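Okay, structure first, notes after.
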2 protein chains.
Amino acid sequence: MTENVTQYLNENRERLLNKLKAFLEIPSVSTNSSNAKDVKEAAQFVESYLEEIGFTTVERIDTDGHPIVYGEWLEAEGAPTVLLYGHYDVQPADPLELWESDPFKPEVRNGRLFARGASDDKGQVFMHLAVFEAFMKTEGRLPVNVKVCIEGEEEVGSAHLYDVLDQHQDKFKADFCVISDSGMVASGQPTLLYGLKGFTGLEVTVYGPNRDLHSGLYGGAVKNPAMALSHLLASMKNEDEQVTVAGFYEDVEQLTDDERKLMNEAPGEAYETTVGVTETTPEKGFTAKEHTMARPTLEINGLFGGYQGEGTKTIIPSSATAKLTCRLVPGQDPEKIQDLLVKHLEDHTPKGTTLTITREPLSAKAYKVDPTHPLLQEAAKSYSDAFGKDAVFVRMGGSIPVVETIDQMYGIPVVLLGFGTPEDNLHSPNESFPLESYDKGNETLVRYWNAVATL
Amino acid sequence: MTENVTQYLNENRERLLNKLKAFLEIPSVSTNSSNAKDVKEAAQFVESYLEEIGFTTVERIDTDGHPIVYGEWLEAEGAPTVLLYGHYDVQPADPLELWESDPFKPEVRNGRLFARGASDDKGQVFMHLAVFEAFMKTEGRLPVNVKVCIEGEEEVGSAHLYDVLDQHQDKFKADFCVISDSGMVASGQPTLLYGLKGFTGLEVTVYGPNRDLHSGLYGGAVKNPAMALSHLLASMKNEDEQVTVAGFYEDVEQLTDDERKLMNEAPGEAYETTVGVTETTPEKGFTAKEHTMARPTLEINGLFGGYQGEGTKTIIPSSATAKLTCRLVPGQDPEKIQDLLVKHLEDHTPKGTTLTITREPLSAKAYKVDPTHPLLQEAAKSYSDAFGKDAVFVRMGGSIPVVETIDQMYGIPVVLLGFGTPEDNLHSPNESFPLESYDKGNETLVRYWNAVATL
């Protein structure tokens, strides 16, 4: 039964890839208010495609932010119902000068499709829709009942998704959830994610004098907010990469020796090649694999204050700002961690300065599912068969807050069936997605829907 | 003999102020290459004015950077020769949104002339030229022989001045030097500066991965350059405002109890009113007056790395940069201090990162002159008489590298006769200069030239 579906995908490959390119051309950067119209256009693209495919209900759920697209096709009597989640918004493309081709003019080079969102997550959302199209055009039906939820605020913390899910619990209810918004541990290595990190963050600004001051006239009298910020930040993590915020590790679920062994045996990334660092710097007492997969992190995402232009400007800046986010592990409560960070900053406020702290409005708990669950085992089989290589089960340092929400809300398994690769440059210049992942990923999905139809 | 000169200045006040405004309208920002044409225009303004006044020689000395304007009038037989130094370039005006009026559309409000350069230093250079004009138009001559040297690179470390002075030692040779590029300790309080700080600096960039990375996928494996920079900066100064770079204080000339007493008795600035800080933070063991006047400083002038836009971008930035400058005191050698800073940074380079250090190309030693010298005493008298208040002698945290150069090169006294006030917002938005300083400062200069003619 899957051959004609696969054949349809092959015969229509060029047309479908062009359709994907049209989707990627829309600069749906959710964090920039100037892109609001583009974000809406991307939502419209998803809606139109669902209607074309033959989804029986297609709705745009408006929010105070960007809309959520809902679609359903529920005519597979006796088969389970899947909730497919994805997002049509993307990260900002800056710094633009580092892109080899326009981030919003998709281009294939060396077997990869380059564009912002090619991997995260428009490319992977599109694969699902293309596979649904193939089933409908060949079989006239889908193997399972499908509810689709594609949001436009994932890259800004899914600001309105949770309220919408909560208000429409019946609409989104399903037997399991599938999300393709992640990747393989190595290109061509089928990978099932059974754990994700949680997330929280904040922005802190240190204020000193009411304007930039002459460093000669005021240096020695007035605290320098940039130096004060450096002291504050340095007080939060030591040079052994241990977070020194009181209570930060208190609730961390300890790793078992077995799990550490599994993690260290998983195929690793050659960081020197992929990101150009000659040395990894994990938390003292842990390997880089252990830290990225299963230990919490605190990162400075951005830092600014004072003069940034050409040459020298001898000022004491009036303020300095840092953007901070944490990735959390099972056991840690994001609200509690955010409170601890705020308390640490307040307790360490340098003399002669005041702080403004803006809490990241949304946060998420970490997530872990039993890797032996039949829905995960079946996913591993389809994935392995399509790629011709045994799947591995891993945990990941990334956060998909919706996973935790769906887990809490419905208590259903979430299958993380991602096709990205470590070379995709997520959130970076020159994001891309391998066409091999596109083709074999589609094949994985065709096999998986057929397989779970009778589970 | 001074009455008719003063009368000329009064009768021509409006015309002269309009001429000054035309000078201030030229955005001669020397650090921005895009303003190169404007900087040249400001040089042209000075040249034309010197010719109008009747200087017998007016030359533009071209350099690889911005030109130096030289003028001379040497017909006061038997009188001493003064070298007048000033600069026609200005600091950048950003952040523009904090200016209440356009920085390059001069405007008088509440008795102050608002414009970039109104105080530092175009306004004060103009006063000298206006006073020379007044002498020439009324007396037909100047009381002293005058050599004028007005440069266009003071705000970028006087990159070419020193070579020019060195190559033209005879041309610039004089009996003493006068510079009006400083201010009073309080508005209306005649102030003679007898000491200035030296200067050095550098820019350091911490490099980590070869691009911005996803903080979830790489956090825990890759060193965060923004955090590494925070550790580096925090390692350079402790929370007691003591610079912790090895050897930094080694050659510092210690303050005597008498000098500390004098400094602490000088009128102070009410920082809460002038710059909005409720607490001063001087080096442990010193007062704010002692630290600003006579202890070395290390300041972060600018700080940047990673995402600075709206919202959150969960990245590990690929690099982070800080701009640092020091103000030095007598005894300290700027090159040695720069070497110590570089060594400290290199010795403390965080694991998993590399550094690029750009040394500030020009630096200066601190300067001190004997306050009992007749040329300084005479300046104090003219200043006190014009302002109706006894002058005070102070040292200042600012640097005027040319002072040290002239001192070294010619061994002549440098009289720092500045008319700015603490409310002038030097190097900040809303720079201004009080018209009271303009009027009484002109009167001071008229009296001073007459007085020193017979010294």
Side-chain angles (χ1 to χ4, degrees), chain A residues 31 92 156 197 201 209-217 219-224 226-227 230-231 233-234 237 239 275-277 279-282 288 291-292 295 297 299-308 310-316 320 325 327 351-352 360 397-399 426-429, chain B residues 31 92 156 197 201 209-217 219-224 226-227 230-231 233-234 237 239 275-277 279-282 288 291-292 295 297 299-308 310-316 320 325 327 351-352 360 397-399 426-429:
Chain A
T31 201
V156 289
K197 282 187 180 167
N210 58 16
R211 61 178 192 274
D212 292 351
L213 298 180
H214 189 292
S215 70
L217 302 183
V222 169
K223 179 69 87 177
N224 184 313
M227 184 56 91
S230 301
H231 278 131
L233 295 170
K237 192 152 96 172
E239 291 177 12
V275 303
V277 296
E279 188 173 19
T280 57
T281 55
H291 196 172
T292 51
R295 293 287 299 175
T297 64
E299 299 291 348
I300 303 173
N301 308 124
L303 191 63
F304 53 97
Y307 186 63
Q308 304 190 13
E310 204 183 328
T312 298
K313 190 178 181 194
T314 49
I315 54 164
I316 297 175
T325 51
R327 303 287 179 162
K351 251 179 77 171
E360 169 72 32
S399 312
L426 301 185
H427 294 208
S428 299
Chain B
T31 201
V156 289
K197 283 187 179 169
N210 58 16
R211 60 177 192 276
D212 292 351
L213 298 179
H214 189 293
S215 71
L217 301 183
V222 170
K223 178 70 85 177
N224 184 314
M227 184 57 90
S230 301
H231 278 132
L233 296 170
K237 191 151 98 172
E239 291 177 12
V275 303
V277 296
E279 188 173 16
T280 57
T281 56
H291 195 172
T292 51
R295 292 288 298 173
T297 64
E299 300 291 349
I300 304 173
N301 308 125
L303 191 62
F304 53 100
Y307 186 64
Q308 304 189 14
E310 202 184 331
T312 298
K313 190 178 180 195
T314 49
I315 54 164
I316 297 174
T325 51
R327 303 287 179 163
K351 250 179 78 169
E360 171 70 32
S399 312
L426 301 186
H427 294 208
S428 299

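Convention: sequence-line order gives letters A, B, ...; per-chain numbering from 1. For the numbers below, each heavy atom of this structure counts, side chains included, while hydrogens, waters and symmetry mates do not. From a predicted model like this one, the values you see are computed outputs, not experimental measurements.
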Using every non-hydrogen atom in the two residues, find where Lys223(B) and Gly352(B) come nearest and quote the distance to one decimal.
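Closest approach of Lys223(B) to Gly352(B), heavy atoms only: CB-O, 4.3 Å.
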Nearest atoms (heavy-atom pairs only) where His291(B) meets Lys197(B)
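In terms of heavy atoms, the two residues are closest at O-NZ, 2.8 Å.
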Test of understanding: with side chain to side chain donor-acceptor pair (under 3.5 Å), list the residues that count as partners of Thr292(B), not counting sequence neighbours.
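Not a single residue meets the side chain to side chain donor-acceptor pair (under 3.5 Å) criterion with Thr292(B).
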Find the distance between OH (Tyr307(A)) and OG1 (Thr31(B)) and round it off to the nearest 0.5 Å.
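Rounded to the nearest 0.5 Å, the OH-OG1 separation comes to 4.5 Å.
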Straight-line distance of His231(B) NE2 to Lys351(B) NZ, nearest 0.5 Å:
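So the NE2 of His231(B) and the NZ of Lys351(B) are separated by 13.5 Å.
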In terms of heavy-atom pairs under 4.5 Å, which option from [options] contacts chain A the most?
options	answer
Lys313(B), Glu239(B), Lys237(B)	Lys313(B)
Gly201(B), Gly220(B), Gly302(B)	Gly220(B)
Gly311(B), Pro429(B), Ala320(B)	Gly311(B)
Pro282(B), Pro92(B), Gly305(B)	Gly305(B)
Asn224(B), Thr297(B), Thr280(B), Thr312(B)	Asn224(B)
Gly306(B), Ala288(B), Gly276(B), Gly219(B)	Gly219(B)

Give, as side chain, backbone, both or neither, the part of [X] having an atom under 4.5 angstrom from any heavy atom of chain A.
X	result
Arg295(B)	neither
Glu360(B)	side chain
Thr281(B)	both

Residue, of Leu233(A), Thr314(A), Val156(A), that accumulates the most heavy atom pairs under 4.5 Å with chain B:
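If we count pairs closer than 4.5 Å to chain B, Thr314(A) comes out on top.
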For chain B, which of Ile316(A), Ile300(A), Leu426(A) has the most heavy-atom pairs under 4.5 Å?
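It is Ile300(A).
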Given 3.5 Å as the limit, does a donor-acceptor pair link the side chain of Asn301(B) with the main chain of Ile315(A), or not?
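Answer holds: yes.
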Just to verify, what does Val275(B) make a side chain to side chain contact (heavy atoms under 4.5 Å, CB included) with, not counting sequence neighbours?
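Val275(B): side chain to side chain contact (heavy atoms under 4.5 Å, CB included) contacts with Pro209(A), Asn210(A), Arg211(A), Leu213(A), Tyr218(A), Val222(A), Glu269(B), Tyr271(B), Val277(B).
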